[in-house]
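Here's the structure, in structure tokens; my notes come after.
Numbers restart at 1 for each chain; the letters A, B, ... are given by sequence-line order, proteins then strands.
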Amino acid sequence: MTCHRVQVLIQKSLDGTLAARERRTLDVHVDGCAACRRTWDEHRQLARRSAAWVQAPAQANAVDDAFTAQVMARIAASSPAPITSGRRRAALWPSAVGLSAVLGVLALLCYQLGPAVFAVVAAAPAELLPRPQTIPEVLGGLLGSMEALPRDAARVWINLRHGLSLPGGAGGAWVLALLANGWFFLRASGLARKRVAT
Amino acid sequence: MRDQALPSDLLRLPRTAGRQTNVLAASDSDEALAERVRAGGDTAAFAQLVARYRGRLIALARRMLARNPGDPDEAEDVAQEVFVAAYDRRATFRSGEAFRPWLYRIAVNRCLDRLRARTRRPTWEGLADLPDPIALSTGPLDTLLAGEWEAHLQAAVAALAPKHRAVFILRHLDDLTYEEIAAATNLPLGTVKTYLFRARAQLRQDLTEYLRP
């Protein structure tokens, strides 16, 4: 039994997890090793005195009705709403408006684009694109299919701006729908959440 | 099997889970009271929990935050803040969860926040600033020596890294298991054991001249 291994047994003895066999091993070693015996004695003394020192304020403050009364008074004076999972309850209407706007846009996209996309995919895809044989070829295909993204993103942006120039109140409704959408996503992602101290 | 080498006079605070305390006679366990607080905001149940744990939270805060004798005692303020925060966060207490680690987690986080807010970091070199116990004491020699020991122990504990300090204090405060300490400090189980080992080694090194027979 090495002195290094005995350090592990000493820690286990301090935690009360030493098995009987390990205790015998520890006893045999410290009987013949003055350094480890001193280490063990010092650790036990430190543990005993530290426990008494740590717990002393608890003993002294075990009975203090004034403290409890002060705590309950502070609780009564604070906000009654409980914190759920670290987040404050949000007003429902911005989320409801945002969710409605998102679902409406998705429904419109599915209605307009769904049949066309389905028709393309349902056609023999192997005839549209050569089947890749390696992972680099798959990645190359993906990158190639994304070449039109900048142009398509520009089209989306232009159409969003067109909404602002709609006649009557439609432009204003368009702006509100966009804001509600943005707020909904921010709340859902937690970016708009106020930090709650623990 | 527990090691019988530890002295029998090692202080132990009463475990309250499912048992009556020596402060308030109550048949409800901590978890049952916490569940009533979580479900309906039962302030009477919460007051019982405050009564049971105020001593321990004050002890935890005092040992976590104090540096030298004579420093302003903010332990009671911190303990009150922890209880108020615990009531505010009652909805985060899950049914079936142990109450002690949940409460101590809030307390440890609050103490760590306080430590981070301080501009002056405690160091072992602060020992030179300790008041002369001979000049302060008028009692017998053993009282003087006990006060000197406590001052040095306080300074040595204050020199530990904050999370090492929290693990060490929790281990000795309420006889928490490694698993409970891990839950209270949000640390992996292996890290808790490592931190405790390092804290013990550093304290023994710093206080060795006071530990020799």
(request) Considering only heavy atoms and a distance below 4.5 Å, find which of B/I169, B/L57, B/V157 pairs most often with chain A. (result) B/V157
(message) If you count heavy-atom pairs within less than 4.5 Å of chain A, which of B/L60, B/L153, B/T177 leads?
(response) B/L153
(message) Under 4.0 Å between a side-chain nitrogen and a carboxylate oxygen: does that hold for A/R38 and A/D41?
(response) no
(request) Please look at B/A79 and chain A and tell me whether the side chain, the backbone, both or neither of the residue comes under 4.5 angstrom of a heavy atom of that chain. (result) both
(request) Please identify each residue that fulfils side-chain contact (heavy atoms from CB on, under 4.5 Å) with A/Q133, with sequence neighbours left out. (result) A/R131, A/E137
(request) Could you tell me which portion of B/V82 (side chain, backbone, both or neither) has an atom closer than 4.5 angstrom to a non-hydrogen atom of chain A? (result) neither
(request) Could you tell me whether B/E81 and B/R114 have a side-chain N and a carboxylate O separated by less than 4.0 Å? (result) yes
(request) Is it possible for you to check whether B/R90 lies under 6.0 Å from the centre of the six-membered ring of B/Y87, through NZ or CZ, and within 45° of that ring's axis? (result) yes
(message) Can a side-chain donor-acceptor contact be found between A/R49 and A/Q45 if the only test is distance below 3.5 angstrom?
(response) yes
(message) Less than 4.5 Å to any heavy atom of chain A: does that hold for the side chain of B/R62, its backbone, both, or neither?
(response) side chain
(request) Go through B/L203, B/V50, B/L196 and name the one with the most non-hydrogen pairs under 4.5 angstrom from chain A. (result) B/V50
